[in-house]
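When reading the values below, keep in mind they use all heavy atoms of this one structure, side chains included, and skip hydrogens, waters and symmetry mates. Throughout, protein chains are lettered first and strands after them, A, B, ... in sequence-line order, and every chain is numbered starting at 1.
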Amino acid sequence: MNLIVFALLALLAITAVAIAKLRELWAVIMFTGIYSFLSASWMMILDAPDVAFTEAAVGAGISTVLMLSTMALTGKAEEIPRKKSLVPLFVVLVTGATLVYGTLDMPHFGSPNAPVQVYPDPSFVERSEADMHGLPNVVTALLASYRGYDTLGETTVVLTAGIAVLLILRRDDEEKDESAQLAGNKTS
Amino acid sequence: MIDAIYAHLPILLIVLPLVAAPCCVLVGNGRAAYLLALVVSFLTFACSIVLLGEALDHDVIRYELGNWSPPYGIEYRVDIFSGFVMAFVSGIGAIVLVYAPLSVRDEIPASKHYLFYATYLLCMTGLLGMCVTGDLFNVFVFLEISSLSSYALISLGRTRRAPLAAFQYLILGSIGATFILIGIGLLYQMTGTLNMADIAARVPHEHGPRTVLVAFAFLTVGLCVKMAVFPLHTWLPNAYTYAPSVVTCFIAATATKVSVYAFVRIIFGIITPGFAFDVLPLDTELMLFSLVGIFIASTAAIYQDNVKRLLAYSSVAQIGYMLLGISMATPTGLSGGIVHMFNHALIKGGLFMVAGCFALRLGSVQLSDWKGAGRTMPFTALAWAIGGLALIGVPLTAGFISKWLLLTSAFETGRWPIAVLMLLSSLLAVVYVWRVVETLFFSEPSEAAANATEAPLRMLVPTYVLIGATLLFGVWTPYSAGIARQAAIALLGGTP
Amino acid sequence: MTLESIAGLYNYWVVIFLMMTGFYIVLARKNLIKSVIGLNIFQTSVFLLYITMGKVDHGTAPIVPPAIAAEQAHAAHGTTEAGHAAVGHAALEHAETAQGLAHDVAHNLADDAISHGSELAHASTEIIYSNPLPSVLMLTAIVVGIATTALALALVVRIREDYGTVDEERILELDRGE
């Protein structure tokens with residue numbers, strides 16, 4: 001099991017660096033799909049099958065399709081070689097160092113005594129057994145009931161994005177062209 | 001029946017605009033959508049006023065969504081502070097809608113009107129949701145609702161720079177939101193809960209402060225992007241300048257204030273001032289950034305030729321005053337910061353409305369095109385003058401009340417250099433307000449201005465409601481500074 | 001820095017490396033589509049951060065085996081409603097006091113009411129479940145992420161229509177030339 005995890009983590013890191021380095025947009029989009037897929041696999045190992053499914057479907061599926069269709073509409077942009085600025089690298093290094101500093105007091109990975117695991121008590125699994133009349137998947141119970149309003153909010157976000165895409169891409173009535181139609185397809 | 005509605009007011013406040021938004025899309029007609037949005041926004045305003053009254057009379061109102069008590073479920077809580085912010089956000093949202101139709105007809109193609117009003121309502125939902133929720137992750141969800149809708153609204157501007165400004169805001173705003181998400185995650189990891197009051201009770205101050213520290217840093221940086229604190233303000237001038245006038249009025253008056261609200265909640269409600277100001281030197285850092293921001297942004301405002309951009313830089317500076325009040329962490333200073341959120345929302349909303357009136361009549365917001373417009377559009381120009389005085393902080397205007405509280409607090413805590421700097425920075429405001437006043441009243445009219453007529457009453461009346469409110473709340477303060485003081489005391493007295 | 005803490009924290013460090021790579025792509029790239037991709041990588045890595053938090057050693061996915069769940073449902077219906085209410089009450093009361101002694105409270109209240117139920121609960125707690133809450137949060141965040149991506153890409157299409165390019169520096173040059 002450990003070997004698989006190490007391999008996955010290494011692949012994730014390699015893919016991320018490849019995305020940063022590559023110039024060809026097409027390849028970058030493909031690697032982004034691969035990255036999502038690798039993350040989904042790791043999520044599977046981390047006991048989160050629901051998230052893994054969603055990530056595979058949404059991250060590797062829908063977003064790749066969206067990016068490819070955008071690329072089809074905008075054309076392959078020529079990447080102009082420029083002098084690299086060091087500012088972004090500096091910002092990222094500082095941010096990363098801050099985060100690593102923050103991990104030093106974290107509960108260790110998988111620790112059963114981590115606050116996340118001991119609180120609230122009784123845990124969500126125990127609560128849901130009592131409350132949900134035998135619903136096997138606790139994630140569903142949380143998603144639809146305990147934190148149902150987050151899910152409503154999430155649906156609202158999708159609604160907002162749908163309306164927004166319509167607003168942005170719709171042309172005035174007289175010049176309704178392909179792009180407007182494509183916008184309709186995208187949101188439906 | 002009435003009791004039942006009463007008990008569900010906190011959720012009604014969110015559900016009303018939320019349900020109205022898809023209805024606007026379904027009716028598919030600009031006029032009908034507008035009427036629906038108008039009615040709903042006033043109903044929402046009424047809800048928040050009743051909630052504020054309840055919070056003032058009684059105590060914190062708690063509302064457990066789905067009857068799941070925290071930490072299992074999500075809890076909405078309305079206290080004086082959140083009630084105050086909700087009331088002015090929904091109030092200004094409603095008044096801007098009264099003002100909107102003529103300007104919207106002028107600047108946005110008719111086929112998009114119903115979508116525009118739907119997005120407007122969604123933006124309001126998001127902002128109000130951020131105020132009312134007591135759950136940290138729920139804050140993130142509502143933040144994203146308000147952000148996504150504001151990106152779309154900004155992109156509607158007439159020039160091609162508007163979508164670009166929206167895109168730049170989207171990238172920066174999403175980085176900010178992701179930082180906030182990381183911060184929430186780290187706090188969750190150290191406490192095991194997402195309810196804000198619960199986190200405050202469980203956050204370890206002795207064991208593992210490093211993780212909490214970093215979590216707090218990420219939340220601060222993320223919210224600073226949203227608040228447009230110097231030097232993370234870069235998205236704001238373009239966004240405000242190129243967005244349609246109505247959108248600028250609404251977003252400038254409300255969006256950054258709600259982020260300030262969230263920031264105050266996190267400092268005083270979760271991290272506790274003791275930790276934030278004693279363990280971390282947050283007060284000095286915030287003070288430094290806000291003072292530098294006030295001076296640089298005010299100076300930048302002086303050199304702008306586009307009036308909306310001038311007001312945008314002034315907004316960056318004014319955020320500095322709010323943070324200054326927060327960083328003092330005394331009842332007077334904090335109430336100065338809180339009341340400045342309200343006063344500045346009135347002032348900036350009013351001034352952007354004036355800019356919208358000129359944009360409608362003169363077709364431009366370039367200062368050079370406004371020359372002499374004070375002669376043909378005297379009432380609009382007068383509104384600018386009054387709003388400008390309030391922005392500077394002249395006595396008898398609302399701006400004076402907040403600056404007076406900030407000054408008092410600076411003297412109380414013996415920080416007289418800050419008081420001097422605040423007075424100096426007000427002089428910069430005098431310069432940029434005066435530049436516009438001079439152009440309006442003391443220049444030869446440009447061709448456009450000479451032929452212009454007074455702005456229509458449907459726009460002037462709402463403008464004067466906000467501008468008049470800055471005068472009203474300059475002399476009568478129990479419901480502005482009075483509430484702010486109660487809110488500040490509740491915030492400083494530990495978790496209310 | 002002991003070997004033990006390295007073993008306990010290296011997962012987080014890898015995730016931080018991934019997040020920062022995504023962040024770097026957003027900051028350093030001039031191509032608008034590539035900034036969106038960077039944002040995507042950044043957000044996906046944050047999902048990983050949350051999911052890593054929820055994992056517990058020797059745990060399994062938070063899905064109660066259907067057999068146990070069905071039995072539980074049966075028990076809940078079979079025993080008196082009062083017993084069920086007692087469990088609910090204990091849990092609620094506990095949520096209010098919010099600290100410690102949960103098992104005691106739950107035990108005392110539930111003991112006589114539903115010995116059968118508590119047996120079952122005991123049986124199912126032998127399986128260690130990973131925390132479901134981070135999964136739920138990330139399901140929401142994934143959807144928020146894709147919504148942001150869709151909106152950003154729509155803006156890119158619009159910008160490309162207006163400017164004829166998706167390169168940020170070229171666009172700024174065009175704007176200055178106006």
Side-chain angles (χ1 to χ4, degrees), chain A residues 91 94-107 109 111 113-124 126-128 131 141-142 144-176 180 187, chain B residues 11 14 18 21-22 25 65-66 68 70-74 76 109-112 115-116 118-119 122-123 125-126 129 133 135 137-138 141-142 144-145 148-149 151-153 155-156 163 166 179 182 186 188-194 198 202 204 207-215 217-218 221:
Chain A
V91 172
V94 170
T95 319
T98 316
L99 270 173
V100 170
Y101 174 74
T103 59
L104 297 180
D105 285 326
M106 270 186 191
F109 172 71
S111 154
N113 300 321
V116 179
Q117 310 295 354
V118 298
Y119 187 84
D121 189 12
S123 75
F124 276 108
E126 286 151 12
R127 261 310 285 272
S128 126
D131 291 335
L142 263 160
S145 194
Y146 296 110
R147 298 192 68 87
Y149 276 79
D150 269 351
T151 313
L152 178 72
E154 160 193 335
T155 321
T156 314
V157 170
V158 176
L159 172 78
T160 314
I163 298 176
V165 171
L166 270 180
L167 259 181
I168 292 165
L169 290 184
R170 172 181 281 193
R171 285 303 186 175
D172 302 4
D173 288 328
E174 56 267 30
E175 46 165 348
K176 229 179 209 168
T187 47
Chain B
I11 188 68
I14 307 302
L18 180 58
V25 179
L65 290 170
W68 298 119
Y72 296 96
I74 296 169
Y76 280 2
S111 60
K112 291 183 181 177
L115 293 173
F116 169 82
T119 317
L122 284 172
C123 191
T125 313
T133 187
D135 186 282
F137 193 78
N138 212 233
V141 174
F142 279 115
E144 283 292 346
I145 294 175
L148 286 183
S149 44
Y151 306 146
L153 290 173
S155 77
L156 287 175
F179 269 54
I182 294 174
L186 296 179
Y188 171 66
Q189 191 178 23
M190 298 313 284
T191 57
T193 172
L194 289 161
D198 217 17
R202 289 182 50 83
H207 301 289
R210 281 184 286 191
T211 308
V212 178
L213 213 82
V214 172
F218 272 74
V221 172

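For the pair F218(B)/T95(A), a side-chain contact is recorded, criterion being any heavy-atom separation below 4.5 Å from C-beta on. T125(B) is not listed as a side-chain neighbour of T156(A), based on a closest heavy-atom distance of 4.5 Å or more. Residues L99(A) and L186(B) have side chains in contact (heavy-atom distance under 4.5 Å, counting atoms from C-beta outward). Residues L159(A) and V25(B) have side chains not in contact (no heavy-atom distance under 4.5 Å, counting atoms from C-beta outward).
Contacts of L115(B) with chain A are made by both backbone and side-chain atoms, with heavy-atom separations under 4.5 Å. Only the side chain of F179(B) comes within less than 4.5 Å of a heavy atom in chain A; its backbone stays farther off. Contact annotation for I14(B): neither backbone nor side-chain heavy atoms come within less than 4.5 Å of a heavy atom of chain A. For chain A, no part of F142(B) is nearby; none of its heavy atoms comes within less than 4.5 Å. Looking at L122(B), the atoms closer than 4.5 Å to chain A (heavy atoms on both sides) all sit in the side chain, from C-beta outward. Contacts between L152(A) and chain B at a heavy-atom distance below 4.5 Å involve the side chain alone, from C-beta outward.
When each of M106(A), E154(A), Q117(A) is checked for heavy-atom pairs under 4.5 Å with chain B, M106(A) comes out on top. With chain A as the partner, the residue from T119(B), V141(B), I74(B) showing the most heavy-atom pairs under 4.5 Å is I74(B).
Ring-plane geometry between Y146(A) and Y72(B) is classed as tilted, the angle between the planes lying from 30 to 60 degrees on a 0 to 90 degree scale.
Looking at T193(B), T191(B), D198(B) one by one, the single match for side chain to side chain donor-acceptor pair (under 3.5 Å) with Y119(A) turns out to be D198(B).
Counting only distance, with no hydrogens or angles, the side chain of T211(B) and the backbone of G102(A) share a donor-acceptor pair below 3.5 Å.
The distance from atom OG1 of T160(A) to atom OH of Y151(B), rounded to the nearest 0.5 Å, is 12.0 Å.
Across all their heavy atoms, L213(B) and Y101(A) have their closest contact at CD2-CE2, 4.2 Å. Closest non-hydrogen pair, P120(A) versus G192(B), comes out as CD-O, 3.8 Å. What you find for S111(B) and R170(A) is that their closest heavy atoms are O-NH1, 3.1 Å. The two residues K112(B) and I168(A) make their nearest non-hydrogen contact at NZ-O, 4.5 Å. Contact detail for P115(A) and M190(B): the closest heavy-atom pair is CG-O, 3.4 Å.
Residues passing the ring pair (Phe, Tyr, Trp, His ring centres under 6.0 Å) test with F137(B), sequence neighbours excluded: F140(B). Every residue two or more places apart in sequence or in another chain was checked for a side chain to side chain contact (heavy atoms under 4.5 Å, CB included) with T155(A), and none qualifies.
With 3.5 Å as the limit, one finds no donor-acceptor pair spanning the side chains of D135(B) and Y149(A).
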